[in-house]
There are 2 protein chains.
Amino acid sequence: MANNDLRKRIKEVAVEHFNKDGYYGTTIRNIANEVNCSLPMIYYYYKSKKELFDDIIKKEFFDIIKKQTSKLKMDNVIDFYTRFIYDLNNLSDYDKKVYRLGIKVYLSFDGDEELMNLMDEWEKTIMPRHYQLLEPYLKNTDNKTAVVRTLVHLLETMIENIVVKNRYLPENEIREEIAIVLKDCE
Amino acid sequence: MANNDLRKRIKEVAVEHFNKDGYYGTTIRNIANEVNCSLPMIYYYYKSKKELFDDIIKKEFFDIIKKQTSKLKMDNVIDFYTRFIYDLNNLSDYDKKVYRLGIKVYLSFDGDEELMNLMDEWEKTIMPRHYQLLEPYLKNTDNKTAVVRTLVHLLETMIENIVVKNRYLPENEIREEIAIVLKDCE
DNA sequence: CTTCTTATTTAACGTTCGTTAGTATTGTAA
DNA sequence: TTACAATACTAACGAACGTTAAATAAGAAG
């Protein structure tokens, strides 16, 4: 009954601790304490500390990313990207922390080489995906790749503001910035 | 004689380790090993592990930041910001790592609350400084603050690419992106 | 009620951590 | 060469770490 409840709760608390203190700063004991279970219970559900960390990144983080990128329906370009970013404000606390932890690994501030490689592969898909999305709307632009690159860079900072720095970004500010880069798409 | 040499060398190695493994993942023993000195020598020059970390951020990092912001001479806006970012490519390895560590603290991926507060204060000065710099050149723009905000956001990602992800950003790519945001300043 | 699996605990293992006491070596000034 | 401060080391402290063995408690199945 409580079977998967405890497993889930452990992961939730782990996300919090890995976020706050990093991989090495997080201890199994602290997690067990906050979960209110005994220390070996963590090992009952997860083979090791590393597996717990990897599970969060490989499953939880990439789930969020996939969920996010699957919402790719385009009408107005600026509207779309504004919503794409704005929606991040409404992620659950848990999802936001998982996302944050993922970015931490993405910047190789935590995690190991294996996870870094996963991130590298994922990163390679970003630019082409947005280029493909934007290409039809950039008819009058001479340097399409530059615009796409600039937009993606801008999106990255805004994601970081919401997810990593945990700030609320109002919709109009998001729209303003995106509109400046996509000026020719209005 | 070797007085300050060893002190300096310890800090250099510490920067490397704090970067790679974070505060908790870094051990005084590992630092001492790489420096090729005995373990208590670290304590001869630095009161504690925390003081060593704080010293790097408070002195080294903010030195780099101050050096960077002091170079504020403006002729052509786009030229200026292009150079501002491009020059980061040529930072020494040591400076780059210190910068990277600073960003890690800035994103509160490492360090404690005290350092975070320092970063917050510093961050507050960024936007006004660039606004003041850019204001004379934005005569024809209706929403000046949005342009400045977008530019600063864009700069942040490019800095992160060079310093955190350790990538080389070619001058023309930097210029392209900045020019898109500062289109009306050419 | 018994049997067997699943869930949970107590207690401890070996290791490594940050830190320090105590001692030796070196350099310098008299 | 002697005296003294600065620089360096060996050895160890107690605490905390990841992990596991062994035992117990709870639930389901017969």
Side-chain angles (χ1 to χ4, degrees), chain A residues 1-60 101 104-105 109-115, chain B residues 1-60 101 104-105 109-115:
Chain A
M1 177 141 50
N3 188 328
N4 275 358
D5 272 12
L6 184 55
R7 195 177 199 281
K8 210 170 144 190
R9 178 105 185 87
I10 288 171
K11 208 193 283 197
E12 278 171 16
V13 172
V15 166
E16 224 149 307
H17 282 237
F18 283 136
N19 244 303
K20 190 154 43 82
D21 306 317
Y23 180 81
Y24 293 108
T26 297
T27 74
I28 309 286
R29 279 168 180 84
N30 286 342
I31 294 175
N33 267 345
E34 194 162 323
V35 172
N36 250 320
C37 71
S38 73
L39 189 151
M41 280 311 292
I42 316 275
Y43 289 93
Y44 185 76
Y45 288 110
Y46 297 94
K47 198 177 87 215
S48 65
K49 184 183 179 183
K50 181 168 167 13
E51 198 199 59
L52 176 54
F53 188 89
D54 286 4
D55 190 80
I56 291 166
I57 298 298
K58 288 183 183 171
K59 297 213 181 102
E60 309 288 309
L101 196 56
K104 197 172 173 183
V105 173
F109 283 141
D110 219 334
D112 60 0
E113 206 178 334
E114 186 205 353
L115 293 180
Chain B
M1 178 142 46
N3 189 329
N4 275 359
D5 272 10
L6 184 55
R7 196 178 199 279
K8 209 170 146 191
R9 178 103 186 89
I10 288 172
K11 208 193 281 195
E12 278 172 14
V13 172
V15 165
E16 224 149 304
H17 283 237
F18 283 136
N19 244 304
K20 190 154 42 86
D21 306 317
Y23 180 81
Y24 292 109
T26 297
T27 74
I28 308 286
R29 279 169 180 83
N30 286 343
I31 295 175
N33 267 346
E34 193 162 326
V35 172
N36 250 319
C37 70
S38 73
L39 191 151
M41 279 312 291
I42 316 273
Y43 289 92
Y44 185 75
Y45 288 110
Y46 297 94
K47 199 178 86 214
S48 65
K49 184 182 178 183
K50 184 170 165 8
E51 199 199 59
L52 177 54
F53 188 88
D54 286 6
D55 190 80
I56 292 166
I57 299 299
K58 288 183 184 170
K59 297 211 181 102
E60 308 289 308
L101 196 56
K104 196 172 175 184
V105 173
F109 283 141
D110 219 332
D112 59 0
E113 205 177 335
E114 187 205 352
L115 293 181

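On a predicted model such as this, the values are computed, not experimentally measured, just so you know. Below, read A as the first sequence line, B as the second, and so on, with proteins coming before strands; counting in each chain starts at 1.
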* To do: Taking only the side-chain heavy atoms of B:Met41 (C-beta and beyond), determine which of D:dT20, C:dA7, D:dC9 contains the nearest atom.
  => D:dC9
* Integer-rounded Å distance: D:dA16 P and A:Asp21 CG -> 15 Å
* To do: Give the rounded distance in Å between these two atoms: OH of B:Tyr43 and P of C:dC17.
  => 11 Å
* Asked: For the pair made of NZ in A:Lys49 and C1' in D:dT20, what is the distance, rounded to whole Å?
  -> 17 Å
* To do: Would you mind telling me which residue lines up with the more 5' stretch of DNA chain C, A:Leu39 or B:Ile28, judged by nearest nucleotide?
  => A:Leu39
* In whole angstroms, how far is the P atom of D:dT19 from the CD1 atom of A:Ile31? -> 11 Å
* Whether A:Tyr23 and A:Phe53 hold their rings parallel, tilted or perpendicular, with breakpoints at 30° and 60° -> perpendicular
* Asked: Can you tell which of C:dT10, C:dG18, D:dA6 lies closest to the side chain of B:Tyr44?
  -> D:dA6
* Asked: Heavy-atom distance under 4.5 Å between the side chains of A:Asp21 and A:Asn30, does that happen here?
  -> no
* Asked: Between A:Asp54 and A:Lys50, does at least one N-O distance fall below 4.0 Å, as a salt bridge requires?
  -> yes
* Asked: With sugar-phosphate meaning primed atoms plus P, OP1 and OP2, does A:Ser38 contact a base, only sugar-phosphate, or nothing at under 4.0 Å between heavy atoms?
  -> base
* To do: Figure out the OH/C1' separation between A:Tyr23 and D:dG18, and round it to whole Å.
  => 9 Å
* Within the side chain of B:Lys11, is there an N or O that forms a donor-acceptor pair under 3.5 Å with the backbone of B:Asp55? -> no
* Quick one: which of C:dT20, C:dT10, D:dA8 gets closest to the side chain of B:Leu6? -> D:dA8
* Asked: Rounded to the Å, how far apart are A:Lys47 NZ and D:dT20 P?
  -> 10 Å
* Whole angstrom is fine here: how far is it from OH in A:Tyr24 over to P in C:dG18? => 13 Å
* Asked: How about A:Lys20: does its NZ atom have over 12 heavy atoms from other parts shown lying under 6.0 Å from it?
  -> yes
* To do: Round to the nearest Å and state the distance from B:Arg29 atom CZ to D:dA12 atom C1'.
  => 10 Å
* Distance below 4.0 Å between A:Tyr45 side-chain N/O and C:dT8 OP1 or OP2 -> yes
